[in-house]
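The structure under discussion appears below in the form of structure tokens.
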Amino acid sequence: MDLVIRGARVVDGTGGPSYTADVGVHGGRIAGIGPLGRGRRTLDAHGLVLAPGFVDMHAHSDLALLRDPDHSAKAAQGVTLEVLGQDGLSYAPADDHTLGRVRAAIAGWNGSGDDIDFDFDWRTVGGYLDRLDRGFDGQGVAVNAAYLVPQGTVRAQVLGWDDRPAGPAELDRMRQLVDDGLAQGAVGMSSGLTYTPGMYASGTELTELCRVVARRGGYYCPHHRSYGRGAAAAYAEMIRLTREAGCALHLAHATMNFGENRGRAPELLALLDAALDAGSDITLDSYPYTPGCTTLVALLPSWANEGGPEAALARLRDDAEAERIRYALEVEGADGCHGVPVDWSAVEVSGVADPALAHHVGTRLDGWDTARRLLLGDRLAPTVLQHVGHEENVRAIMRHPAHTGGSDGILQGSKPHPRAYGTFPHYLGHYVRELGVLTLEECVAHLSGRPAARLRLPDRGLVRAGYRADLVLFDPQTVAAGSTFTDPRRLPTGIPHVLIDGRFVMRDGRRTDVLAGRSVRRTPVRTRHLR
């Protein structure tokens, strides 16, 4: 065997009891589970937990994986697989015009990409996945990555940023783009239904696209229409339309935010349980923190963003239009702000693109005038934290058996949300060891086996002979997030070793130079060609 890991406490990702064993690795796979003889190399793991590598079900590393070969933000957490293409906006499939507009629209999430030393030479989902496989000098990327076809990008390619229904030919074109992406290896489709232009899609349009996803054996992952005033109705819409389409559903960063929803997580869970009892296939993910994170421009009413980034900037420059936006935000409750009048004191600037505006980072906005100047000065790029969550909701949702872990980690900005660097050790250290909200075995299943099952990956997510040797070893007594809201880029403690395909990407708490990550393409269900 290439490697024998001796004496670990194995928490295998099923949720079952842990046990002590040796684990052997050969040819990138788990070759045996102890007691075992000697291997070419041996690692003493007494006192450590050995678990399947963690799956980040909601990641925004679409460019970070190509920009940063180190990518310790995720590798150091024990993440061995990230799911990209989230919230309905990413870089494939796209024609030349759409790609440029999408890059501008999500610069606050991923940066513009102007600092990356290569061309955006892909236009299809398969081309983007090929680019991940090549990575740096043909050597791959830091961790594995799966991809969701982004519905907003698909709509932008066919209808632009217009708020109007799709005609029959346009709907056929969107269905074909989704089908092509799934055929090329995507695991499902995402939406961002508080982000333009994806939010302009009707329930009927989304149902038709979900039928395509269902035929290909994928799942639908919506950031639904409201996490605030209309949260319950928004969850119900997603359950209803996926049931009609016969499509599996995965609820992105599932939570209940803003004052209207304090203590209301049980209502969401009751809705979820009723749907599960009726036969729906539903999972969800969440991050273990109360504040959310998004772009500042995303809070604006949808009509203010119609036409794309340049149109939004033009409206912000116009005093009369800017006043309309202010009124929608502060009085009516904009759909971009989940139907709740904005509380500027809860909005903290976490990142800007222009260094000249860096003094805003870490400050709370004092009103619309400041927000407007910042949006114009930074060309819609600022990211913000919204301090609108509730701890009781966070804990209730993470206990649900359909729950998985997702960081929703935005890596841009000088003061990002600490979830980007801390989600997985924070689950293990704070919510398992310190609070006992989950047992260790339950938590590991939420972070590994359950998400791998949602992704329908037949050989990942469990410590089992024949499975990929994507593994993490951590000390259950010391594992903790290093990242905080004041120092969000600190790496975690208590995670000395991480392996991908049997190769150490973290060894003795340090990032190695190994680039073992590749695209993870699920072989789709065969289906007839869509006309």
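Judged purely by distance below 3.5 Å, without hydrogens or angles, the side chains of S191 and Y220 pair a donor atom with an acceptor atom. A side-chain donor-acceptor contact under 3.5 Å links S350 and T383. A side-chain donor from one of D408 and H60 sits under 3.5 Å from a side-chain acceptor of the other. A donor and an acceptor atom, one from each side chain of D335 and S302, are located under 3.5 Å apart. Side-chain polar atoms of E391 and T290 form no donor-acceptor pair below 3.5 angstrom. When only modelled atom types and interatomic distance are considered, H387 and E348 share a side-chain donor-acceptor pair under 3.5 Å. In this model, no donor atom of one side chain and acceptor atom of the other lie less than 3.5 Å apart for H338 and N257. For the residue pair N144 / T80, no side-chain donor-acceptor distance below 3.5 Å is found, with atom types taken as modelled. Looking at T283 and H250, their side chains do bring a donor and an acceptor atom within 3.5 Å of each other. A donor-acceptor pair shorter than 3.5 Å cannot be found between the side chains of W109 and Q86. Judged by distance alone, the side chains of D62 and S90 do bring a donor and an acceptor atom under 3.5 Å apart.
Residues H426 and Y287 place their aromatic rings such that the two centres sit no closer than 6.0 Å. Within the 6.0 Å centre-distance limit, the rings of Y227 and H223 are counted as a close aromatic pair.
The side-chain heavy atoms of L455 and M57, taken from C-beta on, include a pair separated by under 4.5 Å. With a 4.5 Å cut-off on side-chain heavy atoms, T242 and S280 do not count as touching. In this structure, E82 and L65 have side chains that are in contact, with non-hydrogen atoms separated by less than 4.5 Å. V213 has its side chain within reach of C247: a pair of non-hydrogen atoms, C-beta onward, lies under 4.5 Å apart. Considering only heavy atoms from C-beta on, L329 comes within 4.5 Å of W344 through its side chain. L428 is listed as a side-chain neighbour of L440, based on a closest heavy-atom distance under 4.5 Å. Considering only heavy atoms from C-beta on, L206 comes within 4.5 Å of L193 through its side chain. Side-chain contact between V149 and P93 is present, with at least one heavy-atom pair separated by less than 4.5 Å.
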What's the verdict on side chain to side chain donor-acceptor pair (under 3.5 Å) for S286 and Y427, showing C-alpha distance, side-chain angles and the deciding distance? CA-CA 11 Å; S286 74; Y427 268 120; 3.1 Å; yes
Would C221 and M189 count as a side chain to side chain contact (heavy atoms under 4.5 Å, CB included) if you check the C-alpha gap in whole Å, the side-chain angles of each, and the deciding distance to 0.1 Å? CA-CA 6 Å; C221 179; M189 180 181 76; over 6 Å; no
V361 and V352: side chain to side chain contact (heavy atoms under 4.5 Å, CB included), yes or no, with the steps? CA-CA 7 Å; V361 174; V352 293; 4.1 Å; yes
Audit row: V472, Q77, side chain to side chain contact (heavy atoms under 4.5 Å, CB included) steps and yes/no: CA-CA 9 Å; V472 55; Q77 293 186 61; over 6 Å; no
Please walk me through it: do D281 and R456 pass salt bridge (Lys or Arg N to Asp or Glu O under 4.0 Å)? CA-CA 13 Å; D281 179 1; R456 297 181 181 173; 3.8 Å; yes
Side chain to side chain contact (heavy atoms under 4.5 Å, CB included) evaluation trace for Y200 with L159: CA-CA 10 Å; Y200 300 141; L159 286 88; over 6 Å; no
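Between H446 and H403, the shortest heavy-atom distance links the atoms ND1-ND1, 2.9 Å. The shortest heavy-atom contact between L84 and S61 is CD2-N, 3.8 Å. Closest heavy-atom contact between F258 and G228: CD1-CA, 3.5 Å. The two atoms that bring A254 and L284 nearest to each other are CB-CD1, 3.4 Å, heavy atoms only. The two residues L374 and V349 have their closest heavy-atom pair at CD2-CG2, 3.8 Å. Taking both residues in full, the closest heavy atoms of V432 and C443 are given as CG2-CB, 3.5 Å, listed atom of the first, atom of the second, then distance.
From L300, atom CG reaches atom CG of L316 across 6.0 Å, with rounding to the nearest 0.5 Å. If you take CG on N393 and OG1 on T255, they are separated by 5.5 Å, rounding to the nearest 0.5 Å. The OG atom of S190 sits 8.0 Å away from atom NE2 of H58, with the distance rounded to the nearest 0.5 Å. Taking CZ from R521 and CG from L182, the interatomic distance works out to 13.5 Å, rounded to the nearest 0.5 Å. Between L66 atom CG and H71 atom NE2 the span is 10.0 Å, to the nearest 0.5 Å. Going from atom CE of M199 over to atom CD of E306 covers 11.0 Å, rounded to the nearest 0.5 Å.
Ring orientation note: the planes of H224 and Y235 are tilted relative to one another, at an angle of 30° to 60°. Taking the six-membered ring where tryptophan is involved, the planes of Y289 and F485 are perpendicular, since the angle between them exceeds 60° and thus also 30°. Note on ring orientation: taking the six-membered ring where Trp is involved, the planes of Y128 and W122 are perpendicular (angle over 60°, cut-offs 30° and 60°).
For R510, the CZ atom is loosely surrounded, since the number of other residues' heavy atoms within 6.0 Å does not exceed 12.
Although no hydrogens or angles enter the test, the distance criterion places no donor-acceptor pair under 3.5 Å between the side chain of S72 and the main chain of A75. Under a 3.5 Å cut-off, the side chain of D68 and the backbone N or O of D70 do form a donor-acceptor pair. A donor-acceptor pair is defined here as one N or O able to donate and one able to accept, closer than 3.5 Å; no such pair exists between the side chain of R379 and the backbone of P309. Remark: the backbone N or O of D366 is not paired with any side-chain donor or acceptor of T370 at under 3.5 angstrom. A donor-acceptor pair under 3.5 Å is absent between the side-chain atoms of D87 and the main chain of L89, judged by distance alone.
The stretch residues 348-379 participates, sequence neighbours left out, in no ring pair (Phe, Tyr, Trp, His ring centres under 6.0 Å) pair at all.
The residues E310 and R101 are annotated as not salt-bridged, no charged nitrogen and carboxylate oxygen being separated by less than 4.0 angstrom. Residues R326 and E332 are not paired through a salt bridge, judged by the lack of any N-O separation under 4.0 Å between the basic side chain and the carboxylate. The pair E442-R399 fails the salt-bridge criterion, with no side-chain N (NZ, NE, NH1 or NH2) lying under 4.0 Å from an Asp/Glu carboxylate O.
A cation-pi arrangement is present between R324 and W303, with the terminal nitrogen or guanidinium carbon under 6.0 Å from the aromatic centre and inside a 45° cone about the axis. A cation-pi arrangement, defined by a distance under 6.0 Å to the six-membered ring centre and an angle within 45 degrees of its axis, is absent between R103 and Y91.
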